[in-house]
Each structure stands twice: as C-alpha cells, then as structure tokens.
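One structure is given below, encoded as structure tokens.
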Amino acid sequence: MSSSSQANCLIAGAGPVGLTLAYLLGTSGVRVTIVEKDPALQKDYRASTFHAATLDLLEPYGISQPLIERGIKCPIVQYRTWSDGVIATLDHALIEDETRHPYRLQCEQFKLSEWLLGALEKIPNVEVRYGWELTGFTMADDAVTATVTDGRSPRQETYSYLFGADGGRGVTRRILDIAFEGFTYPERILVLGTRADLSQLIPGLASVNYVADPEHYAHILRIPDMWRLSLPLPEQVDDVQALESDYIRSRVEPLIAGFDARDIAVKKVYAVHQRVAAAYGRGRALLAGDAAHLNNPKGGMGLNGGLHDAVSLFRHLTGHWDDPAMVLSLYEAQRRPEAIQAIHKHTQANYNALKGVNVSREALVARWQELERDKDAQRRFLLDASMLSSVRRCGLLT
C-alpha cells in the first residue's frame, strides 16, 4: 500500500463489516481506529447466513475457516407452504464445481464479530473504542478531521480516511448529505429464536426453509444456538404487542402444532427496507454495509453484501491509497450496481414469491417444482442465490 507508513483511518461502527475492514487494513499495516457507540459487542441475531461467495472471498484472508468452525453447513434449501409441506428441495451440491464452499453457512453474525475482535486485539496498530461515537467531520484534500466522543469529552482527530460502517441510521451518510434512495416496507418482521427443535415439530424440515403464504410467509433457519423463525407483522400490530407472549402464541401455534411460546429465547421486531445510497461516499469519506444499502432479509444477502464491500474497499485502497477520487470511483462502480442488480433484485423476488405477489399459489408451486426438476435452471438459481454470480460479475472473484 503506497504511503503505508503514514496511513491511518477511522471506522465508524464495529459491526461485522466495520470489523472486517479493520482486520483487512490492520493486517496490512494501516493504523486503524474504530469507534462504536454501543458499550460492548451486541449479540444481534438479525443476520445469520454466510453465502458461498462470501466464504470464497474471505478465505485468503484467514477469516472463513474460524467462521466455518462456529457455524453449521447447510447445503439443502427447502421451499414450502404451511398446508402442503415441502414443495421443492434445492441442493448446493449442484454448484460444488464452482466454489470451495457449496453450502449456506448458518452462524450468528456476532460470532464473526467476536472472532474478529479477538484477532484485532493482537494487532498493535488497531484500536477498538466501545462507548465512542462519531458526531461530525470535515474534509480537506489530504485528510479528514473527525469529532468523536465518549459522551463526556469530544475530541478532534485527523485521519487519512473515514469509513462509515455505522448502519442505515448512521451519521456518516447523513453528514455527507447523501440520499438513501428506495422505500420501506409497510410490514415489519417479527424474529423469534426458540430453543425447541423445530425439526421435531415440522415433518422433514431442512436447516434452511422458505414458507410461502399471503399473510404468514416465513423464513425458518437453524442456527448453532437455536432455531430462528421470522414472520411478517401487520401494520396495526405495534412493536410492544408483537413481543407479548399471547400475541406470539396466537401467531405461531396455528402454524406449528406443538409450538410452545415458553421456549422462546430471542424476540425482536425489525423494520424492513430496500434502499441504496445515491453515492457511496465523497472525498475521503466512504460508506459500506448497511450505511450504503439495506434490503429485506429474504435471501440473507445484506450482511454478505456488506462484507463484499469491505473486501472491495480494501483492495482499491491497497492500489490507490493516495488517490481518494480513484478509490471512490472504482469502489462505487464495483459495488453499487450489485446492490441494485443482485441484492435488491433477488431479495425482492423472494419476497414477492413468498407473499404471492402477482402469482397464484398454484403457479408458484409449479414454478418451484420445475426448478427442482430442471437441474440447469436450479444451478443458475443457486449461483445467483449464493452470490457467486454477483462477485464474479463485478470482478471481486474470477
């Protein structure tokens, strides 16, 4: 990396994307400071899927293997309805000649963050500050002056670059005054984590399942700590009601016989968005992950896309550290179209299918059954779903 002896950067946000970028930069010799407003690592169960493309992409940097050791390999994906059970089964074995990781890896995102934090503690040029946040910054041609605070004593610090990995509501994009184009879905998502073994309650359940239904479309995943179930929330149900045991029981027990709400270990309500930043940065301040793009979770692509951002940013910085305009130009051209063409397109198609938007139940069942029979079509679908098509199209993997 050119001028590496003078290189230093600030990362706002210590989620998986910010920590991955810090690890990549830190192991290359760059001095990195990360600020995170939360007081400690949060055990967030929002994202738990790592796709084949991501594992292939992170493998050369030594990140994939520790992640695999903490997760569950899931080569089989099922499409279902509540009344009919399994409609179609897709198998990642069809793409085993295309990837070293022919499966979805199910692993809570905080477990990646935990490993990265442990690795960063061993890198003397990286500092992680929990309980600190970015509140403002100004830019010159050769530096960024950031204001950071622990809530008591604001500081002004100078860096070569600022990377906003501070989420959809983070301050970096807001200060840059970059529009977040797209929309927010009217329904939110209720995510439940249960210690009960759902495979004992639902016959033939795989570890990754999509359930189609106009009102109760669902995503059922096995993760190392528990089973995870997501259901849509009607607009008239507020967040407080949605988390009450009586409401959860009324929603889930008619769908899953024998389900016991007392087994729930995690419950959370999330708003769902489809948005992409109009630009991925300005000058020496750049965006990554949820700060740059948000999408509905049907397909597990949001976190993966953010990790792809981190690798893309790192590679362009390595080649053009002293030319921020070139870094931004190359990075945005590589990643922003994929947020629209791959992430949004695939997740929206999943949402439309599961909810039955513009498709009858009979037509949807026929479509899924044909996908199971047609191995060439299934292979193409899995290349898209695993994001291998995306990372190859944009040049991150060849």
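Computation of the quantities below employed the complete heavy-atom set of this structure, encompassing side-chain atoms and omitting hydrogens, waters and symmetry-equivalent molecules.
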Exercise. Do W115 and Y23 have ring centres separated by under 6.0 Å?
Worked result: yes
Problem set entry | Backbone N/O of T99 and side chain of D56: donor-acceptor pair under 3.5 Å | no
Exercise. According to a 4.5 Å side-chain heavy-atom criterion applied to Ile, Leu, Val, Met, Phe, Trp and Tyr, with indirect links allowed, do L19 and F314 form part of one hydrophobic cluster?
Worked result: yes
Problem set entry | Side chains of L41 and E36 in contact at under 4.5 Å (non-hydrogen atoms) | no
Exercise. So, R275 side chain and F180 main chain: donor-acceptor pair closer than 3.5 Å or not?
Worked result: yes
Exercise. Taking S160 for the side chain and N8 for the main chain, is one N or O donor matched with an acceptor at less than 3.5 Å?
Worked result: yes
For this session: I would like to know whether Y351 and H219 meet ring-ring contact (aromatic ring centres under 6.0 Å, His included); could you show each step before the answer?
Result: CA-CA 10 Å; Y351 170 87; H219 196 187; over 10 Å; no
For this session: Could you verify whether a donor N or O on one side chain and an acceptor N or O on the other, from N350 and Y210, lie under 3.5 Å apart?
Result: no
For this session: Take the angle between the ring planes of H346 and F381 and call it parallel below 30°, perpendicular above 60°, tilted in between.
Result: tilted
Exercise. When rounded to the nearest 0.5 angstrom, what distance separates CD1 in I175 from CZ in R282?
Worked result: 12.5 Å
Problem set entry | Co-membership, hydrophobic cluster, residues L94 and I76, 4.5 Å side-chain | no
For this session: For the pair E370 and R373, find out whether any cationic side-chain nitrogen is under 4.0 Å from an anionic carboxylate oxygen.
Result: yes
Exercise. Using 4.0 Å as the upper bound for N to carboxylate O, is an ion pair formed by R129 and E157?
Worked result: yes
Exercise. Quick one: do L307 and I340 end up in the same hydrophobic cluster if we chain Ile, Leu, Val, Met, Phe, Trp and Tyr together by side-chain heavy atoms under 4.5 Å apart?
Worked result: yes
Exercise. What closest approach, in Å, do I220 and I202 show between heavy atoms, and which atom pair accounts for it?
Worked result: CD1-CD1, 3.9 Å
Problem set entry | Distance-only side-chain donor-acceptor flag, H51 / S386, under 3.5 Å | no
Problem set entry | Test item: E108 side-chain N/O and F110 main-chain N/O as donor-acceptor pair under 3.5 Å | no
For this session: Return the minimal non-hydrogen interatomic distance between A212 and L364, and the atom names on each side.
Result: CB-CD2, 3.6 Å
Exercise. Under a 4.0 Å N-O cut-off, is there an ion pair linking D225 with K111?
Worked result: yes
For this session: Flag yes if more than 12 heavy atoms outside Q369 fall under 6.0 Å of its CD atom; otherwise flag no.
Result: yes
Exercise. Quick one: do the Q348 and N352 side chains pair a donor with an acceptor below 3.5 Å?
Worked result: yes
Problem set entry | Exam field: side chain Y185 to backbone Q274, donor-acceptor pair closer than 3.5 Å | no
For this session: May I ask you to say whether R393 pairs ionically with E338, meaning some side-chain N is under 4.0 Å from a carboxylate O?
Result: yes
Exercise. Is any NZ, NE, NH1 or NH2 atom of the basic residue among E98 and R379 found under 4.0 Å from an Asp or Glu carboxylate oxygen of the other?
Worked result: yes
Exercise. Just how far is it from atom OG1 of T347 to atom CD1 of I343, taken to the nearest 0.5 Å?
Worked result: 8.0 Å
Problem set entry | Nearest heavy-atom neighbours spanning A278 and I178 | N-CG2, 3.8 Å
Exercise. Is a donor on one side and an acceptor on the other found under 3.5 Å between the side chain of E59 and the backbone of S64?
Worked result: no
For this session: Answer yes if the side chains of S389 and D384 hold a donor-acceptor pair under 3.5 Å, and no otherwise.
Result: yes
Exercise. Under 3.5 Å, is there a donor-acceptor pair between the side chain of R315 and the main chain of L396?
Worked result: yes
Exercise. Same cluster for F137 and V171 if Ile/Leu/Val/Met/Phe/Trp/Tyr side chains link at under 4.5 Å?
Worked result: yes
For this session: Determine whether the side chains of Q106 and T49 contain a donor N or O and an acceptor N or O closer than 3.5 Å.
Result: yes
Problem set entry | Distance, nearest 0.5 Å, that separates CD1 of I189 from NZ of K268 | 14.5 Å
Exercise. Just by modelled atom types, is the W132 backbone N or O under 3.5 Å from a matching donor or acceptor in the D150 side chain?
Worked result: no
For this session: Establish whether L112 and L21 are linked, either directly or via other cluster members, by ILVMFWY side-chain heavy-atom contacts under 4.5 Å.
Result: yes
Exercise. Nearest 0.5 Å, what's the CZ-CD1 distance between R80 and I87?
Worked result: 9.0 Å
Problem set entry | Exam field: side chain R70 to backbone P66, donor-acceptor pair closer than 3.5 Å | yes
Problem set entry | Salt bridge E332-R336, side-chain N to carboxylate O under 4.0 Å | no
Exercise. Between Y103 and H101, what is the ring plane arrangement, given parallel below 30°, perpendicular above 60°, and tilted in between?
Worked result: perpendicular
For this session: Examine distances only and state if a side-chain atom of R249 and a backbone atom of A261 form a donor-acceptor pair shorter than 3.5 Å.
Result: no
For this session: Looking only at non-hydrogen atoms, find the nearest pair between A265 and R195 and report the distance.
Result: CB-NE, 3.5 Å
